[in-house]
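Read the structure below first, then the notes.
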2 protein chains.
Amino acid sequence: MNFNDNNPLQRLIALLAKLPGLGPRSARRVVLSLMKKPEATLRPLAHALIEVADNMKSCAACGNLDTQDPCHICDDARRDRSMICVIEDVGDLWAMERSGIYRGLYHVLGGTLSALDGVGPDQLRIASLVRRIAESKQTTPVHEVILALNATLEGQTTAHYVAEQIGSSGISITRLAHGLPVGGELDYLDDGTLTAAFTARQKAS
Amino acid sequence: MNFNDNNPLQRLIALLAKLPGLGPRSARRVVLSLMKKPEATLRPLAHALIEVADNMKSCAACGNLDTQDPCHICDDARRDRSMICVIEDVGDLWAMERSGIYRGLYHVLGGTLSALDGVGPDQLRIASLVRRIAESKQTTPVHEVILALNATLEGQTTAHYVAEQIGSSGISITRLAHGLPVGGELDYLDDGTLTAAFTARQKAS
């Protein structure tokens, strides 16, 4: 490879290196592996990217990514419309769906409040959550909002703010339990989690 | 996201998860980050991939990847045509070029001999190297072949085999020196490298 920036390989590596979890070295590795079978790997990947760019949209109701708006979840008559699970981003929605534990609706905030990154309430989908809950009273009223936000400082600040905005209009606002991860060992647990798990201890029989 | 396989997002994640250094979790992260600004990231990446698939070819002489055949290096009259540096793959060629130490030609083997992976001499560009050296006698004869292969068992086996194939027809066959990496600490060095560095010790003044 010559090292001028007009080389297509160099441009591809530069774009790949900007993706989360990749850097220049891993981007080079990816490109070299793609070049081993260009027709079987490069083109399908390019077409999959274009298909996503062409077809994926954000659900106007909940912020989920899907080929249709409203999304498959909002559109599914079998889901419990009286519960809304508030998550930070679509990845968290996928994690909840993988677990299979929840059959209600979602609301994707699109991030967490962060003074450092200049993310205020207006950058998040909080107003639309409050509106959605109010409007639900005309059809199936929402009776529980589950704040499934990350157990980080930003996540908990955001959860607190969202709870305040929803107010106490007869809606039960819950959050995920803290405790020992299933399969986790006490010895490897941080003090905060251990304290939370101890405080929330439950009858064993 | 609904979890049927016809979802374009799911297909894109599956393709990305197969790339070296990525798995399902990091592929999901990449896709979510791309979806934040689809027009600024998704489409340029797709177009860069297609551009590479359309324009990159393997140099018939040396095996380098470039937009032209013969590649920029083989085509460059300023490079020393009497030296050939034999490397495993194009990534190693890039590493050599980044160092800027070498101004001769290259020969990309395309891998290393490996009984385990079923890679024999016929799968590598060894015969074409021997032919290239023989043909060079009509123009600028090659007088040095540098075996810059990885210092692994496979790399060294391959180096040995390549050296045998080239034979001793007045060509100097060299390999990269083993020793202490620049900036490296003795304490962290493996025994093999330390032994090699000690054996090859040089006069300090």
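Proteins get letters first, then strands, A, B, ... in listed order; numbering begins at 1 in each.
By the 4.5 Å heavy-atom criterion applied to side chains, Asp66(A) and Asn7(B) are counted as neighbours. Annotation: side chain of Val52(A) is in contact with side chain of Met35(B) (closest heavy-atom distance under 4.5 Å). Annotation: side chain of Leu49(B) is not in contact with side chain of Leu15(A) (no heavy-atom distance under 4.5 Å). By the 4.5 Å heavy-atom criterion applied to side chains, Pro8(A) and Met56(B) are counted as neighbours. Contact of the Ile50(A) side chain with the Ile50(B) side chain is registered, since non-hydrogen atoms from C-beta on lie closer than 4.5 Å. For the pair Leu9(A)/Glu51(B), no side-chain contact is recorded, criterion being any heavy-atom separation below 4.5 Å from C-beta on.
Electrostatic pairing of Lys36(A) and Asp89(B) does not count as a salt bridge here, judged by no charged N lying under 4.0 Å from a carboxylate O.
Ranking Arg43(A), Glu39(A), Lys18(A) against chain B, the residue ahead of the rest is Arg43(A), based on heavy-atom pairs under 4.5 Å. Heavy-atom pairs under 4.5 Å with chain B were tallied for Leu16(A), Leu42(A), Leu22(A), Thr41(A); the largest tally goes to Leu42(A). Between chain B and the residues Gly91(A), Pro38(A), Ala53(A), the most heavy-atom pairs under 4.5 angstrom are made by Ala53(A).
Open room surrounds CG on Asp191(A); 12 or fewer heavy atoms of other groups in view lie less than 6.0 Å from it. The 12-atom threshold is not exceeded at NE2 of His160(B), counting heavy atoms of other residues, nucleotides or ligands nearer than 6.0 Å.
In this structure, the portion of Leu19(B) lying under 4.5 Å from any heavy atom of chain A is its side chain and not its backbone. In this structure, the portions of Asp54(B) lying under 4.5 Å from any heavy atom of chain A include both its backbone and its side chain. With a threshold of 4.5 angstrom between heavy atoms, Leu32(A) approaches chain B through side-chain atoms but not through N, CA, C or O.
Closest heavy-atom contact between Arg29(A) and Pro20(B): NH2-CB, 3.5 Å. Nearest heavy atoms, Ala48(A) versus Leu12(B): CB-CD1, 3.9 Å.
Scored by the side-chain hydrogen bond (donor to acceptor under 3.5 Å, both in side chains) test, Glu144(A) finds Thr174(A) as partners (sequence neighbours excluded).
Listed by sequence position, the residues of residues 118-130 of chain B in contact with chain A number zero, using a 4.5 angstrom heavy-atom cutoff.
Taking CD of Gln10(B) as the start and CH2 of Trp94(A) as the end, the distance is 7.5 Å to the nearest 0.5 Å.
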